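Small disclaimer: the values here were computed from a predicted structure and weren't measured. Heads up: numbering here begins at 1 and tracks the sequence.
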Amino acid sequence: KEENNNGWIKIESEADLPKDFCDVWVLNSFGDIEQTEFNADYKGFYGYFSERNCGKVTHYQPIEKPKPPIY
């Protein structure tokens with residue numbers, strides 16, 4: 001999927017989830033945007049294992065680690 005959604009990836013199936021551990025921004029079903037991490041072992045976002053309290057994650061955006069300075 002190479003769509004422009006302002007960098008957000010819509011989760012429609014397990015195939016849309018990240019493949020590795022990573023830091024992400026998530027958008028939940030309540031409309032809240034929060035920073036968290038993805039746990040590849042559990043295929044879930046930290047803090048969102050209980051969706052009843054936190055809402056369902058509908059989109060995520062990986063947080064890219066900055067490159068080191070050149071000088």
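- The shortest distance between side-chain heavy atoms of Thr36 and Val24 falls below 4.5 Å.
- Partners of Asp41 by side-chain contact (heavy atoms from CB on, under 4.5 Å), not counting sequence neighbours, listed by chain and number: Phe21, Asn39.
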Would you mind writing out the side-chain donor-acceptor pairs for residues 62-71 within the sub-3.5 Å range, not counting sequence neighbours?
none

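- Side-chain contact check for Val57 versus Ile11: some heavy-atom pair is nearer than 4.5 Å.
- Considering all non-hydrogen atoms of both residues, Ala40 and Lys19 come closest at CB-O, 3.9 Å.
- Checking side-chain atoms of Thr58 against main-chain N and O of Ser29 turns up no donor-acceptor pair under 3.5 Å.
- Under the rule for a side chain to side chain donor-acceptor pair (under 3.5 Å), the partners of Glu14 that lie at least two apart in sequence or sit in another chain are Lys43.
- With a 4.5 Å cut-off on side-chain heavy atoms, Trp8 and Ile33 count as touching.
- For Pro18, the side-chain contact (heavy atoms from CB on, under 4.5 Å) criterion is met by Cys22, Phe38, Phe45, Tyr60, not counting sequence neighbours.
- Looking at Gln61, its side chain does come within 3.5 Å of a backbone N or O of Asn6 through a donor-acceptor pair.
- Proximity of a side-chain donor or acceptor of Asp16 to a complementary backbone N or O of Glu12 within less than 3.5 Å is detected.
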Tell me, with the steps shown, if Gln35 and Val26 meet side-chain contact (heavy atoms from CB on, under 4.5 Å).
-> CA-CA 6 Å; Gln35 183 179 349; Val26 294; over 6 Å; no
